[in-house]
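To keep things clear, I will list the structure first and then write my remarks on it.
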Amino acid sequence: MKARVRYAPSPTGLQHIGSVRTALFNYLFARSVGGTFILRLEDTDRTRSQDIYVKNLYDTFRWLGFYWDEGPDVGGPVGPYTQSERFALYREHAERLVDMGKAYYCFCSDDKSAAKDAEKSGQDQAEQEGDAQASGGFGYPRTCRGLDPAEAKRRAASGEPHVIRLKIPLDGVTGFDDILLGRIEWKNADVNPDPVLLKSDGFPTYHLANVVDDHLMGITHVMRAQEWIPSAPLHMIMYEAFGWEPPRLCHLPMVLGDDGHKLSKRHGATAVDEFRRRGYLEAALINYVAMLGCSYEDGRDLYSLEDLARLFSMDHINKAPAVFDYVKLEWFNGQYIRMLSDEELAARITPFMAEAGLVSAKPSALEVARLLAAAPLVKERLKYLSDAPEALRFLFAEPAVPPVEELLPKKMDAAGAARALGLAMELLEANDPADHDACEAAFRSGGAEAGLKLGDLLMPLRVAVTGTKVSPPLFQSIAVLGKATAIQRAGKALAALKAANERP
RNA sequence: GUCCCCUUCGUCUAGUGGUUAGGACACCGGGUUUUCAUCCCGGCAACGGGAGUUCAAUUCUCCCAGGGGAUGCCA
C-alpha cells in the first residue's frame with residue numbers, strides 16, 4: 001500500500017521551527033518511499049484560528065520550497081482538507097460512537113476558569129483531590145457517564161448544551177507499537193478519563209477530528225512530536241471503538257532550547273518568517289533542521305532537499321530530544337551562502353539592500369550590475385544575507401569622512417598616516433585596481449621603499465574609501481566602486497589628516 | 001502528585017559484546033593573508049550511577065538518578 005502521511009497544523013500561530021520540522025520529516029518520509037504528503041488544516045479551535053496564520057503557512061512553505069501533494073489549496077481526492085469544512089462529519093461520527101455505547105453526552109458546565117483558580121489558590125486542594133478520587137485519580141470525574149442514554153439523547157436533542165465524551169475503559173490496558181520507541185502501554189485507569197470529542201459549540205476536538213480524518217483520508221503513518229504520546233492511547237481507543245485499523249505511529253524527538261525546555265519564543269527566533277527576515281537561506285534551515293534528531297550518512301553535513309528525500313529513513317531518527325543550536329545553524333548558513341553563484345547571491349541580497357535604502361526597491365540596471373559585481377566581495381564574509389548592507393554600504397552611499405583616529409594604523413600618528421595615504425593615492429593613480437596582482441605588487445614595493453608594511457599602507461586608504469576598518473579586499477572594492485570615486489574620498493580624508501596634523 | 005518518554009564530548013551525532021569510541025559545530029593553538037572573513041593543519045572534550053549476564057559491556061537486562069513531556073470543551 002502506498003504510504004500517505006500528513007502535516008496537520010492548526011492555524012493558531014506562525015509556522016515555527018518545531019512545526020516545520022514535523023512537516024519536513026513527513027515530507028521526507030513520503031518522498032523516500034514514493035508516498036503522498038498531505039496538508040490538512042486543523043482549524044477546529046474557532047477562537048484561535050485565524051486567516052493570517054493560514055497565509056503564513058502557505059508563505060512559509062512556498063519559501064521553504066517543499067510542498068504537499070494534496071491539500072486545501074491544491075485539492076485532492078479525499079477533500080476538503082480544511083476541518084471546518086468537514087463540520088458535519090464529526091458530529092456524525094461522535095453520535096455514532098454514542099449509539100454504539102462508546103461515548104456519551106455530558107451536560108456538565110464548562111467551568112474551567114473556576115477550576116483553574118481553585119487549583120492555583122490551593123485552598124480547595126482537598127476538595128479537588130476528593131473529586132479526583134472519584135475519577136480514579138485525575139481529570140473529569142465521569143459524572144455523566146452513568147446517565148441513561150435514552151434520557152441523555154432526549155436532553156441533547158432538545159437543545160440542552162452538551163458535549164460528547166469518549167468512554168475510556170475503566171480497566172484493561174491500551175497500547176501501540178511506536179515505530180521509533182517500540183511498544184508503549186498504559187493502564188486504562190491512567191488514561192485521561194473520558195476526553196471531550198465534540199465541544200459544546202459543535203466543533204470536534206483535536207482528538208476526534210484527527211482520528212476521523214486520518215482514517216477517512218487513508219493516512220498510513222503518523223509522524224508527530226513526542227509531546228503527543230500521551231494522547232495516543234485515547235486515539236487507539238477511538239480506532240478500536242470505530243472498528244478501524246489505526247495508522248502506524250512514529251513519535252519524533254522534540255526540539256529544545258538551550259535551557260532544555262521545549263523551543264519557544266524566549267529562546268530567540270522560532271518563527272520561520274523571522275529566519276527569513278534575518279537573512280537565513282531556506283536550504284540552510286532545511287539542512288540543519290533535518291539533522292536535528294536524525295542522521296543520514298556518517299561524516300557528511302551538507303544535504304540538499306533532494307538528497308534528504310532520497311536518504312531519509314525512519315531508523316536513522318534518534319529517540320532523544322535535540323537542542324536547537326543557533327551557532328551551528330549559522331555555520332550552515334555561511335556554507336550555503338558560499339555555495340551560491342554570484343548571480344544568485346546578488347539576487348538574494350537585493351531585498352536586504354533595498355530595505356536598507358541602498359538600492360531602489362526595483363533596482364536600476366546600474367544597481368543590478370553593481371550588486372552583481374559586489375557579490376564576490378562578500379560571499380566569503382557573510383553569515384547572513386542581512387549582513388550585506390553593512391558590508392557593502394560604501395559601494396552605494398558616500399560614507400562620512402572618517403574621524404582622524406579611525407584613519408591611523410596602529411602605532412602611527414596623523415603625520416605618518418597622511419604620508420601613507422598620500423603614497424597610497426599616488427600608487428592608486430598609477431595602477432589599475434582591477435589588475436589585482438599588479439596593484440598589490442606595486443603597493444608592496446612602493447610601501448617597502450617608504451618603510452611601510454602593506455597593511456599599514458592600505459589601512460588609511462581602506463578607511464577613507466569604505467568608511468570602516470573592516471572591508472572586503474581593497475583593490476577589488478575600489479575596482480567595483482571606481483578609481484575616481486575612491487581617490488576623491490581619499491582626498492577628503494587626507495585633508496582631514498593634514499588639518500589634524502597642523503593643530504598642536 | 002500521577003502517567004509516559006529519554007540519557008555517547010558544551011551542542012548535533014556515528015558506532016561496536018573486545019575500537020586509540022569517529023565526525024561536525026563551538027572553543028583553544030598554529031599556518032596562509034591586505035583589514036575582516038574564507039581556507040589549511042593541530043589540540044581540547046563523552047559512553048549519568050549501581051547491580052547483574054559475560055572471559056569481556058559504552059553496547060544486553062534490571063534498578064536508581066537526572067532531564068523532558070503530558071495531565072484543557074488548545075492543538
Side-chain angles (χ1 to χ4, degrees), chain A residues 8-13 19 42-45 47-49 106 108-110 112 115-116 129 132 136-140 161-165 178 180-181 184-187 189-193 195-207 209-210 224-233 251 253-254 256 258 260-262 288 291-302 316 318-332 334 338 378-383 391 409 440 443-444 447 453-459 461-463 466 468-475:
Chain A
S10 69
T12 54
S19 44
E42 306 215 328
D43 58 343
T44 55
D45 182 343
T47 62
R48 293 200 308 145
S49 294
C106 167
C108 297
S109 66
D110 169 23
K112 60 180 170 176
K116 214 181 272 175
E129 277 165 20
F138 68 107
Y140 174 66
H162 64 276
V163 300
I164 293 178
R165 289 180 184 274
D178 190 280
L180 198 59
L181 272 13
I184 304 178
E185 284 185 346
W186 289 261
K187 292 196 278 289
D190 292 329
V191 176
N192 183 9
V196 170
L197 261 26
L198 199 73
K199 307 181 219 178
S200 53
D201 65 3
F203 274 79
T205 58
Y206 160 77
H207 303 297
N210 197 262
R224 52 165 34 163
Q226 285 183 359
E227 62 193 284
W228 292 105
I229 292 176
S231 61
H251 289 92
M254 308 227 307
L256 312 178
D258 54 11
H261 287 266
K262 203 156 73 163
Y288 177 65
M291 298 190 79
L292 265 185
C294 197
S295 65
Y296 297 84
E297 288 174 359
D298 190 22
R300 216 232 276 198
D301 302 298
L302 270 15
H316 286 136
N318 260 325
K319 295 179 182 181
V323 173
F324 191 89
D325 183 358
Y326 289 88
V327 177
K328 188 150 190 177
L329 174 57
E330 181 181 290
W331 178 81
F332 273 102
R338 263 154 248 146
V378 289
K379 196 184 285 181
E380 311 277 272
R381 271 159 264 268
L382 299 181
K383 285 179 178 166
E440 180 173 330
F443 272 71
R444 206 176 278 284
K453 281 186 291 190
L454 187 57
D456 287 346
L457 174 58
L458 253 22
M459 185 49 76
L461 183 62
R462 178 191 310 282
V463 176
T466 68
T468 58
K469 286 188 167 174
V470 174
S471 81
L474 231 206
F475 302 136

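The chains referred to below are lettered A, B, ... by the order of the sequence lines, with proteins before strands, and numbering in each begins at 1.
In this structure, CG of A:Asp190 is placed 6 Å from P of B:rC3, rounded to the nearest angstrom. Rounded to an integer number of Å, the gap from CZ of A:Phe332 to C1' of B:rC12 is 9 Å. Rounded to whole angstrom, the span from the OH atom of A:Tyr326 across to the P atom of B:rG10 amounts to 22 Å. Protein atom CG of A:Leu197 is 15 Å distant from nucleotide atom P of B:rG72, rounded to whole Å.
Base engagement by A:Glu440 is indicated by at least one non-hydrogen atom pair under 4.0 Å involving a base atom. Among the heavy atoms of the strands, none lies under 4.0 Å from A:Pro253. Contact annotation for A:Gly334: no contact, since no heavy-atom pair falls under 4.0 Å across all strands. A:Thr12 comes within contact range of no nucleotide atom at all, as no heavy-atom separation falls under 4.0 Å. Here A:Thr44 lies in heavy-atom contact (under 4.0 Å) with sugar-phosphate atoms only. Using a 4.0 Å heavy-atom distance criterion, A:Leu474 is classed as a base contact. Within the nucleic acid shown, A:Val163 comes within 4.0 Å of at least one base atom, counting heavy atoms only. Using a 4.0 Å heavy-atom criterion, one finds that A:Phe475 contacts the bases of the nucleic acid, with or without backbone contacts as well. Using a 4.0 Å heavy-atom distance criterion, A:Ile229 is classed as a sugar-phosphate-only contact.
Not counting sequence neighbours, A:His162 has no partner by the side-chain hydrogen bond (donor to acceptor under 3.5 Å, both in side chains) test. For A:Phe203, the ring-ring contact (aromatic ring centres under 6.0 Å, His included) partners at least two apart in sequence or on another chain are A:Phe87.
Looking only at side-chain heavy atoms (C-beta outward), A:Glu380 and A:Arg338 come within less than 4.5 Å of each other. Inter-residue side-chain proximity for A:His316 and A:Tyr296 is flagged as unmet; no heavy-atom pair is nearer than 4.5 Å.
Comparing B:rU19 with B:rU2, their P atoms sit 42 Å apart, to the nearest whole Å. Between B:rC41 and B:rC47, the distance separating the two C1' atoms is 29 Å to the nearest Å. For the C1' atoms, the distance linking B:rC4 with B:rU11 amounts to 26 Å, nearest Å. On the P atoms, B:rU38 is 25 Å away from B:rA45, given to the nearest whole Å. Rounded to whole Å, the C1' atom of B:rG30 lies 31 Å from the corresponding atom of B:rG15. Nucleotides B:rU13 and B:rA21 have their C1' atoms positioned 13 Å apart, rounded to a whole Å.
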Could you list all N or O pairs between the protein and nucleotides 66-71 of chain B that sit under 3.5 Å apart?
from	atom 1	to	atom 2	distance (Å)
B:rG68	OP1	A:His261	NE2	2.9
B:rG69	OP1	A:Lys262	N	3.3
B:rA70	OP1	A:Lys262	NZ	3.0

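For B:rU8, neither phosphate oxygen OP1 nor OP2 lies less than 4.0 angstrom from any side-chain nitrogen or oxygen of A:Asn318. A sub-4.0 Å separation between OP1 or OP2 of B:rU35 and a side-chain N or O of A:Thr468 is absent. Listed pair A:Ser10 / B:rC74 fails the phosphate criterion, with no side-chain N or O lying under 4.0 Å from OP1 or OP2. Regarding contacts with the backbone of B:rC74, a side-chain N or O of A:Lys199 is found under 4.0 angstrom from either OP1 or OP2.
A:Thr205 places a side-chain N or O within donor-acceptor distance of the main-chain N or O of A:Val196, the cut-off being under 3.5 Å.
When each of A:Lys469 and A:Phe324 is assigned the nucleotide of RNA chain B with its nearest heavy atom, A:Phe324 is the one assigned upstream, toward the 5' end. Nearest-nucleotide positions on RNA chain B for A:Asp45 and A:Glu330 put A:Glu330 closer to the 5' end.
Judged by distance alone with a 3.5 Å cut-off, no donor-acceptor contact links the side chain of A:Thr205 to the base of B:rC73. Checked by distance alone, A:Lys328 brings no side-chain donor or acceptor within 3.5 Å of a matching partner on the base of B:rA26.
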